[in-house]
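The next block holds one structure in the form of structure tokens; read it before the comments.
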Number of protein chains: 2
Amino acid sequence: MSTPRQSRADRRRATEARILDSARELFAEKGFDRTTIRAVATAASVDPALVMQYFGSKRELFSRAVQAFSVLPETPDSDALVEQLLATLDFKLGGLPEGAVAMLRSMLTDPAAAEYVRDALDRQIDGVSAALSPATEYPELRAALFVTTLLGVTIGHQFLGLTALHGAPPDRIAALLRPAFKALAEPSG
Amino acid sequence: MSTPRQSRADRRRATEARILDSARELFAEKGFDRTTIRAVATAASVDPALVMQYFGSKRELFSRAVQAFSVLPETPDSDALVEQLLATLDFKLGGLPEGAVAMLRSMLTDPAAAEYVRDALDRQIDGVSAALSPATEYPELRAALFVTTLLGVTIGHQFLGLTALHGAPPDRIAALLRPAFKALAEPSG
DNA sequence: CCATTCGCTCAACACTTGTTGACTCACCTG
DNA sequence: CAGGTGAGTCAACAAGTGTTGAGCGAATGG
């Protein structure tokens, strides 16, 4: 066996990916503070020092692990705004990427995560606001209510496991939310 | 001065109250994990060991500090359900007691806090559900949507400081939410 | 007024944490 | 095949954590 099955660079990339996967999973499950570098290293079958060598710090590891986080994949257009918002429910209730879960889970206790989420939601609110009919009063506020409503439902479902939400199919939730969202989108407040 | 201005028992009660106040404030500001017994003790001008002596453990201190937490003060009645829900917005946006803030802030990272909040919200959902018109389809789910919506708005405002929500007066938020809530309370889904 | 209680502090333990530097050894290159 | 490079490990440090037991001194009660 003169040649190993994997080149050094390949192994390197693989270990780095394994570390990032373990980190993402643990950050999503326990949040930033309660996830230790040692736990990540163990989950990735690697020495803790290697995690440091690759990512420099726990913070940097977190940033790298959760990157490409987005709550609302696409920017909505004005025609079917409500339907587009409701369509993200499928995504939010169960299909949420681990990076997003990690970010959301840490947002109430880690200022850096809070800032990140706030900025992301602010951007999202701007998008929704712009998609509302121009005649609408208080478009930013309405947009914020759309977004925070979805945030609340997500938290209640994914993080708290509220019993009334637990068994409900996303379609039914969307169906009940639809009239409410339509009312919220009505220009005449 | 044969008699001190405060009896020993008075001093004891006062110190205990001071510790509880400091704990509540710090737990509300930083959450369970990031609040240290030493920090609480310092804020209360007391030795860390005394905190342990009085409360036994950090967990117990937390429980005692946040006690009497409730998100929805009164159980709603069926007539003016929506108005009662909207009326809690004043309370939630700024007037939230520190104990509640502490509990909410820790709910995503501390399983004990998560369970507490989940149970509290479940109970609240039951109450709202019972207050809905008997002809309503999926009353628990609708109730859950009411509660999670308010939760989302609260988080967006109090914890994330979303810009679109920051400057908005509670009345205006309530006014915009009213048609949406009315639609959600409509028996015909 | 003296013995006792008890509020309170001091110093320390045992543990976990993020982080670092020296080291080993397999792989790559000339 | 020899020398270097770099992936990966080992052991340790320094700081911070919850928690504990011995002790001090003032209020208390007989």
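Small disclaimer: the values here were computed from a predicted structure and weren't measured. So that the names make sense, note that chain A is the first sequence line, chain B the second, and so on, each numbered from 1. When reading the values below, keep in mind they use all heavy atoms of this one structure, side chains included, and skip hydrogens, waters and symmetry mates.
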Problem - A:R59 CZ - C:dT17 P separation (whole Å) - result: 17 Å
Problem - Pairwise 5' ranking along DNA chain D for A:T15 and B:R11, keeping only the more 5' one - result: A:T15
Exercise for the section: Specify the separation, in whole Å, of atom NZ of B:K58 and atom P of D:dT17. Expected result: 9 Å
Handout entry: Nearest listed nucleotide, side chain of B:R12, among D:dG4, D:dG8, C:dG7
Key = C:dG7
Exercise for the section: Take atom CZ of A:F62 and atom C1' of C:dG18, then tell me their distance rounded to the nearest Å. Expected result: 16 Å
Problem - Results of salt bridge (charged side-chain N to carboxylate O under 4.0 Å, His left out) for B:R12 - residues two or more places apart only - result: B:E16
Practice task
State which of D:dG4, D:dT9, C:dT19 makes the closest approach to the side chain of A:R8.
Solution key: D:dG4
Completion exercise
Between CD of B:E16 and C1' of C:dC6 the distance, given in whole Å, is 14 Å
Problem - Gap between atoms CZ and P, on B:R13 and C:dC6 respectively (whole Å) - result: 14 Å
Exercise for the section: Output yes when A:E29 and A:R34 qualify as a salt bridge under the 4.0 Å nitrogen-oxygen rule, no when they do not. Expected result: no
Practice task
May I have the distance from A:L26 (atom CG) to C:dG18 (atom P), rounded to whole angstrom?
Solution key: 12 Å
Practice task
Scan residues 32-52 of chain B against DNA chain D and write down, sorted by residue number, each residue with any heavy atom closer than 4.0 Å; if none is found, say none.
Solution key: B:T35, B:T36, B:I37, B:R38, B:A49, B:M52
Completion exercise
One should read off an interatomic distance between A:L132 CG and A:E186 CD, to the nearest 0.5 angstrom, of 11.0 Å
Handout entry: Within 6.0 angstrom of B:R59 CZ, more than 12 heavy atoms from elsewhere
Key = yes
Exercise for the section: Just call it for A:Y54: base, sugar-phosphate, or nothing, with non-hydrogen atoms closer than 4.0 Å on any strand. Expected result: sugar-phosphate
Practice task
Flag the pair B:R13 and B:D10 as a salt bridge only when some basic side-chain nitrogen lies within less than 4.0 angstrom of an acidic carboxylate oxygen.
Solution key: yes
Handout entry: Between P of D:dG18 and CD of B:Q53, the distance in whole Å
Key = 17 Å
Completion exercise
Taken to the nearest whole Å, CG/B:L61 to C1'/D:dT17 is 15 Å
Problem - Donor-acceptor contact present, side-chain A:R142 to main-chain A:L184, <3.5 Å - result: yes
Practice task
Measure from the side-chain N and O atoms of A:K58 to the backbone N and O of A:T35, and report whether any donor-acceptor pair falls under 3.5 Å.
Solution key: yes
